[in-house]
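The block underneath contains the structure these notes are about, expressed in structure tokens.
Please read these numbers as outputs of a predicted model, since none were measured by experiment. For ligands, and for the atoms within them, numbers begin at 1 and follow the listed sequence.
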Amino acid sequence: MTKSLIAFCACLVSKKVMMNIPWAKPYIGREEFENVKECFEAGWLTMGPKVKQLEARMSQLIQSKYPVALHSGTAALDLALKLLGVGPDDEVIIPGLSYIATGNSVLYQRATPVFADIDPESYTLDATDVAKKITKKTKAIIPIDYAGQASDFDALREVTKGMGIALLEDGAPGLGGEYKGRPLCGIGDIGITSFHMAKTFTSIEGGMLFTNDEQAAYQSRVFRSQGENPEVKYDHPIMGHNYRMTDLNAAIALGQFGRWEQVLSKRSLLAQRYSEGFKQVSALKTPVTKAYNKHGWFLYPVLVERFDRNQVVQSLKEAGIGTNVSWPKPIYEQKPFQPYFKEVNPVSKNFTDKVICLPLYFEMTEDEQNYVINTLCKILSK
Ligand SMILES: Cc1ncc(COP(=O)(O)O)c(C=O)c1O
């Protein structure tokens, strides 16, 4: 064989094994397209009948009486804290392992964020550490359903008993998970979720607030629409925002929720296969599901022991495998939160140093997943 032919064959071989696998891949199907088409045919694109339908569907799925659709999860967090009456003299406890929006929602109220550590197995807010952080000023606690599983809400309720402290469930990653048989996002005194493009179920951008309190739901609807009196156009009894979701976004989400069971069982299968594939790999800590939880598997986070996480991420990238680092540092290390820093949350710190979230999406094939498992095992065997 000539040299160039050998090079050509080598290239073919390498092409064959090289894949391009993203960490997340939204699945937008025919139903979404048909729903959007209906909006155009009906001539109604802003908030209207599709938003109402989406709220009704989510009420069923989450077993929440009054879901309120909004344009993002961040808007939902902001609104939830306003409904709870959080203000400048209050403290709000959030996990050290927090997304920036969770913390920002506290700063929007000019309240003080206080950081509590996470449980080393579920990576969600640890009630024992929360108990140490409660003061007379604590007004609310925001447990995050990290990766798709819940904090121990009963333990959180126990340590806050009789103190008038509200639990705001940040269920942005929580859809599909359950706590003691109840759907996530509906476990807290008030809850929220996000339908951002990377989430398990998407409206492209979007969010929702969940409450069982009729008055809070009414106020939320007034607030999301510029504080306008629903009975009298251009009468604004309170200062609100434009936090509305459009019917186009709701139409997409309605398509997504049509395949709720299918999507969740596929993600659960993928998570199971990962855990099986990495069973013998001592350099990896795979996720643990608490006995009281059903995992929603928004993320499959592994901790790399004894290796430099960023180098592992880079090696995976070179092999065509996308990953996500959620999140690369505890929130109190982010600039806007540094003034509120008091002490390290050691479990959160260790987690953020070592975490890699592996590819997980509805259409992921067995070949793609085997490639991820084999490539990562190879990297960690060096
Ligand atoms: C834990 C958490 N809270 C809140 C949000 C904010 O949601 P959105 O991007 O829809 O504003 C996210 C988004 O990823 C999140 O992960």
Side-chain angles (χ1 to χ4, degrees), residues 23-24 26 51 54 58 67-82 92-109 113 115-116 118-119 122-125 140-151 167-177 179 184-185 187-188 190-210 220 224 241-246 248-250 252-253 256 295-301 323-332 334 336-337 345 348 351-352 355 357 360-361:
W23 77 270
V51 166
L54 178 64
M58 295 310 288
V68 179
L70 299 160
H71 73 51
S72 68
T74 307
L77 282 168
D78 180 35
L79 178 47
L81 287 178
K82 286 182 165 62
V92 177
I93 299 178
I94 63 172
L97 178 70
S98 275
Y99 182 54
I100 200 75
T102 315
N104 281 345
S105 67
V106 178
L107 299 187
Y108 296 159
Q109 323 309 320
F115 314 103
I118 53 169
D119 176 275
S122 66
Y123 311 136
T124 60
L125 203 49
I141 298 173
I142 315 184
I144 296 177
D145 299 333
Y146 182 81
Q149 72 169 318
S151 292
L167 298 181
L168 160 54
E169 180 184 4
D170 184 345
L175 284 178
Y179 174 74
L184 298 195
C185 300
I187 309 294
I190 190 163
I192 71 103
T193 198
S194 163
F195 303 130
H196 175 263
M197 190 81 177
K199 296 287 185 289
T200 304
F201 300 95
T202 185
S203 63
I204 311 304
E205 291 277 9
M208 195 162 270
L209 180 142
F210 299 95
S220 302
R224 83 175 157 188
H241 268 275
N242 176 0
Y243 278 175
R244 291 183 297 263
M245 178 185 273
T246 72
L248 289 180
N249 294 103
I252 292 169
Q256 298 268 301
H295 210 303
W297 297 115
F298 164 54
L299 296 173
Y300 187 90
T323 55
N324 166 275
V325 174
S326 284
W327 297 284
K329 48 178 135 171
I331 191 165
Y332 52 72
Q334 300 282 0
F337 295 89
N345 294 153
S348 302
F351 181 88
T352 55
V355 67
C357 300
L360 195 71
Y361 45 89

Looking only at protein heavy atoms, identify the closest one to [atom] and say how far it is in Å.
| atom | answer |
| --- | --- |
| atom 6 (C) of ligand 1 | T74 OG1, 3.5 Å |
| atom 1 (C) of ligand 1 | D170 OD2, 3.4 Å |
| atom 2 (C) of ligand 1 | A172 CB, 3.3 Å |

Region of T102 engaging ligand 1 - heavy atom pairs below 4.0 Å: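 Answer for T102: side chain.
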Logged contact type for I192 with ligand 1, heavy-atom cut-off 4.0 Å, is neither
Does an N or O anywhere in [X] fall below 3.5 Å from an N or O of ligand 1?
| X | answer |
| --- | --- |
| Y99 | no |
| H196 | no |
| A101 | no |

Atoms of ligand 1, numbered as shown, that sit under 4.0 Å from any heavy atom of [X]:
| X | answer |
| --- | --- |
| S72 | 10 (O), 11 (O) |
| L77 | 4 (C) |
| I144 | 1 (C) |
| G206 | 10 (O) |

From [X] atom [atom1] to [Y] atom [atom2], the distance as rounded to the nearest 0.5 Å:
| X | Y | atom1 | atom2 | result |
| --- | --- | --- | --- | --- |
| L79 | L209 | CG | CG | 5.0 Å |
| Y99 | S194 | OH | OG | 8.5 Å |
| T74 | N104 | OG1 | CG | 8.0 Å |

Just so I know, are the side chains of [X] and [Y] near enough to count as touching, which here means a heavy-atom distance under 4.5 Å?
| X | Y | answer |
| --- | --- | --- |
| L70 | M245 | no |
| L360 | L299 | no |
| I118 | Y146 | no |

Candidate with minimal heavy-atom separation from atom 16 (O) of ligand 1, of W327, F195, F298, Y146: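 Going through W327, F195, F298, Y146 one by one, W327 has the nearest heavy atom to atom 16 (O) of ligand 1.
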Please assess L175 against C185 for the test side-chain contact (heavy atoms from CB on, under 4.5 Å), listing each intermediate value before the final yes or no. CA-CA 7 Å; L175 284 178; C185 300; 3.8 Å; yes
Mind checking whether K199 has a heavy atom under 4.0 Å from ligand 1?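 Flag set, K199 near ligand 1.
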Any donor-acceptor pair under 3.5 Å linking the side chain of S151 with the backbone of L125?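 Such a contact is found between S151 side chain and L125 backbone.
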Candidate pair Y243 and D78, rule side-chain hydrogen bond (donor to acceptor under 3.5 Å, both in side chains), full reasoning: CA-CA 10 Å; Y243 278 175; D78 180 35; 2.6 Å; yes
